[in-house]
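Since the model is a prediction, treat every value here as computed from it, not as a measurement.
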Amino acid sequence: MSKTAGIPDISLPDPSRWKALVFIALAQLMVVLDATIVNIALPTAQQDLGISDGNRQWVITAYALAFGGLLLFGGRIADLWGRKRTFVVGLLGFAAASALGGAATSEAMLLGSRALQGAFGALLAPAALSLLAVMFTDAKERAKAFGIYGAIAGGGGAVGLILGGFLTEYLNWRWTFFVNIPFAIVAAVGAYFVIREPAGTRNRSSLDIPGVVLSTLGLVALVYGFTRAESAGWSDSLTVGMFIASAALLAAFVVTEAKVKSPLLPLRVLTERNRGGVYLSLGLAIIAIFGLFLFLTFYLQVVKDFSPVKTGFAFLPMISGMIVGSTQIGARLMTRVPPRLLMGPGFLVASVGMLMLTQLEIGSSYAGLILPAQVLLGLGMGTAFMPAMSLATHGVRPEDAGVASAMVNTSQQVGGAIGTALLNTIAASATTAYITSHAAGAADPKLLQLQGMVHGYANAIWWAVGILVASAAIAFTLINTGRPGAGSVTAASGDGVEDEVKVPVVAH
């Protein structure tokens, strides 16, 4: 590492780091909850505000576009402006946007609030992860901290389904927005008084405006392309146009970053094989998991006739598995074995759980099939998520921590958009084909519809199995760092040889 300016200030651990973790984890939970909590409330909100079926998807898409498109910019702002300040501003902005959404009296007001939530979330998420990176420098403590963070990042979406079900069923859809306000205020006040950001870790170089514009437009085009593919089809001219535009814009972004003096995303952040392996394998795994959340929610509510609250509780085995996998398996083993031996097997265990769900039928037993499959999925993903979150900032210079953290969030966000669109399209095609081929001999059209739906889900879940196996293969192949050691990191050099490098921020 060439940069060592911050060593004197951050060699000693921050005495308030565990208190800070409480508020960072609370903020992360709020952001992850928001990705799913609105899904359950959407039908009621649509009816209340008179939103058309065609525009309904924009309640989800407006958030995804702003969040996914601005993440790299948010990470760079955190490095430039200070992570604590960016974190607090992101929290207060998120609270204000949530209040606006809860009070929405029109479609435009609701969509605007969702875009604002996404924008402030893009400030908040990378600042949270990079604060952990610069505050926890001891290997064992870092493992525990990232275990907690990984469990929340993995299980928070399912918690959102439970909370969304409760709020929608017993209060009303507006509370799925208002519930963010106490979370945000408590986290912001706590962060303001407790977090002490280490000195010497900012990147004060000038902002790369061309990089900001190209990355934001490129990511927005990519996320929108996948979102549109779900509703309009993959051959739709605008869908194809978005993918072409995204490829051109992101290619121009890479060329720009290689040439400018102070890049938004220094290419060294991406080219280190361990970080690159994390971004790729985690993004693929999220594709599989997000698609599954969607299928299981519809299966339980439409096929099994579960209420929103009961559906939320039905996801508890997966949440429990993620918490155990992250805090009890991942965190305990992270200082003893190389990360690839947690991530690779973790993704494979999750793929076994996913494989069980390919047997889904209308009459499948929840206790006999869905529950054990969820436990395996949770354990596997929790075990893999924990080292992945920690390795997102593996070996980075202190001043790059924010943008490296933004990359793991970007891979998750883009992976979520791809997963929902890709697997939903595969499921819809298989459903249509099944209904068409069985229509002639069907005595009960409604039963045929349900059979077709479940057949479609099972087909798409086979793809999710393959994607998780690919994630495991990438983790085994690209991630070659050794187990964490106190005060040092085993970093791969360009020739693939591992070197011991003293790093003040990351203890791997």
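Scored by the ring pair (Phe, Tyr, Trp, His ring centres under 6.0 Å) test, Phe476 finds no partners at all (sequence neighbours excluded). Residues forming a side chain to side chain donor-acceptor pair (under 3.5 Å) with Ser351 (at least two apart in sequence, or on another chain): none. Every residue was checked against the ring pair (Phe, Tyr, Trp, His ring centres under 6.0 Å) condition with Phe306, not counting sequence neighbours, and none meets it. Checked against side chain to side chain donor-acceptor pair (under 3.5 Å), Ser364 has no partners two or more places apart in sequence or in another chain. Residues meeting the salt bridge (charged side-chain N to carboxylate O under 4.0 Å, His left out) test with Arg174, sequence neighbours left out: none. Partners of Phe347 under the ring pair (Phe, Tyr, Trp, His ring centres under 6.0 Å) rule, at least two apart in sequence or in another chain, do not exist in this structure. For Thr425, the side chain to side chain donor-acceptor pair (under 3.5 Å) partners two or more places apart in sequence, or in a different chain, are Trp234. By the salt bridge (charged side-chain N to carboxylate O under 4.0 Å, His left out) test, Asp48 pairs with no residue at all, sequence neighbours left out. Checked against ring pair (Phe, Tyr, Trp, His ring centres under 6.0 Å), Tyr63 has the following partners two or more places apart in sequence or in another chain: Phe67.
For the atom pair CD1 of Ile181 and CG of Leu91, the computed distance is 13.0 Å after rounding to the nearest 0.5 Å. Atom CD of residue Gln328 and atom CG of residue Leu333 lie 10.5 Å apart, to the nearest 0.5 angstrom. Atom CD1 of Ile323 and atom CD1 of Ile329 lie 12.5 Å apart (nearest 0.5 Å). Going from atom CG of Leu280 over to atom OG1 of Thr477 covers 10.5 Å, rounded to the nearest 0.5 Å. The CZ atom of Phe94 sits 10.5 Å away from the CG atom of Leu116 when rounded to the nearest 0.5 Å. Rounding to the nearest 0.5 Å places CZ of Arg340 at 9.5 Å from CD1 of Ile479.
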Trace of the side chain to side chain contact (heavy atoms under 4.5 Å, CB included) decision for Val59 with Leu110: CA-CA 7 Å; Val59 177; Leu110 183 65; 4.0 Å; yes
Using the rule given for side chain to side chain contact (heavy atoms under 4.5 Å, CB included), can you reason through Met318 versus Val375, listing the C-alpha separation, both sets of side-chain angles and the distance that settles it, and then say yes or no? CA-CA 5 Å; Met318 193 186 298; Val375 170; over 6 Å; no
Decide yes or no on side chain to side chain contact (heavy atoms under 4.5 Å, CB included) for Leu265 and Phe73, but give the supporting numbers first. CA-CA 9 Å; Leu265 176 62; Phe73 181 49; over 6 Å; no
Start with the C-alpha distance between Phe243 and Phe226, add both sets of side-chain angles, then the distance that settles side chain to side chain contact (heavy atoms under 4.5 Å, CB included), and finish with yes or no. CA-CA 8 Å; Phe243 286 135; Phe226 277 104; 3.5 Å; yes
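Leu478 is not listed as a side-chain neighbour of Val278, based on a closest heavy-atom distance of 4.5 Å or more. Leu369 has its side chain within reach of Met356: a pair of non-hydrogen atoms, C-beta onward, lies under 4.5 Å apart. For the pair Gln374/Phe315, a side-chain contact is recorded, criterion being any heavy-atom separation below 4.5 Å from C-beta on. In this structure, Leu250 and Leu214 have side chains that are not in contact, with every pair of non-hydrogen atoms separated by 4.5 Å or more. Between Leu377 and Leu357 the shortest side-chain heavy-atom distance falls below 4.5 Å. You'll find the side chain of Leu71 stays beyond 4.5 Å of the side chain of Leu219, heavy atoms only. With contacts defined as side-chain heavy-atom distances shorter than 4.5 Å, the pair Leu171/Phe178 does not qualify.
Here side-chain hydrogen bond (donor to acceptor under 3.5 Å, both in side chains) pairs that include residues 96-113, with residues two or more places apart or in two chains, are Asn55-Glu107, Ser98-Gln117, Ser98-Asn180. Every pair tested for ring-ring contact (aromatic ring centres under 6.0 Å, His included) that includes a residue from residues 350-382 fails, sequence neighbours excluded, so the list is empty.
Between Phe295 and Tyr299, the distance from one ring center to the other does not fall under 6.0 angstrom.
When atom types are taken as modelled, the side chain of Arg275 and the backbone of Leu270 share no donor-acceptor pair closer than 3.5 angstrom. Of the possible polar contacts, none joining the Asn480 side chain to the Asn274 backbone as a donor-acceptor pair under 3.5 Å is found. Not a single donor-acceptor pair under 3.5 Å links the side chain of Arg114 to the backbone N or O of Met109. Side chain of Thr216 to main chain of Val213: no donor-acceptor pair is present (N/O by atom type, distance under 3.5 Å, no hydrogens or angles). Although no hydrogens or angles enter the test, the distance criterion places a donor-acceptor pair under 3.5 Å between the side chain of Thr383 and the main chain of Leu379. The closest donor-acceptor contact from the side chain of Thr431 to the backbone of Ala427 lies under 3.5 Å. Side chain of Asp208 to backbone of Leu264: a donor-acceptor contact under 3.5 angstrom is found.
Minimum heavy-atom separation, Ala66 to Ala115: CB-O, 3.2 Å. Residues Thr239 and Arg228 come closest through the heavy atom pair OG1-CG, 3.5 Å. The two atoms that bring Pro387 and Met343 nearest to each other are CG-CG, 3.6 Å, heavy atoms only. Closest of all the heavy-atom pairs between Lys304 and Gly363 is NZ-C, 3.8 Å. Across all non-hydrogen atoms, the minimal contact from Ile289 to Met354 is CD1-CE, 4.4 Å. Shown here for Ala388 and Leu282, the closest heavy-atom pair between the two residues is CB-CD1, 4.2 Å.
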List the atom pairs, with distances to 0.1 Å, where a side-chain N or O of residues 449-474 and a protein N or O form a donor-acceptor pair under 3.5 Å, not counting sequence neighbours.
unit_1 : atom_1 : unit_2 : atom_2 : d
His455 : NE2    : Asn459 : ND2    : 3.1
Asn459 : ND2    : His455 : O      : 3.2
Ser471 : OG     : Ser281 : O      : 3.1
Ser471 : OG     : Ala285 : N      : 3.3
Ser471 : OG     : Ile467 : O      : 3.2

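The aromatic rings of Phe177 and Trp173 lie perpendicular to each other, with more than 60° between the two planes, well past the 30° mark.
Heavy atoms of other residues, nucleotides or ligands lying less than 6.0 angstrom from NZ of Lys310 number 12 at most.
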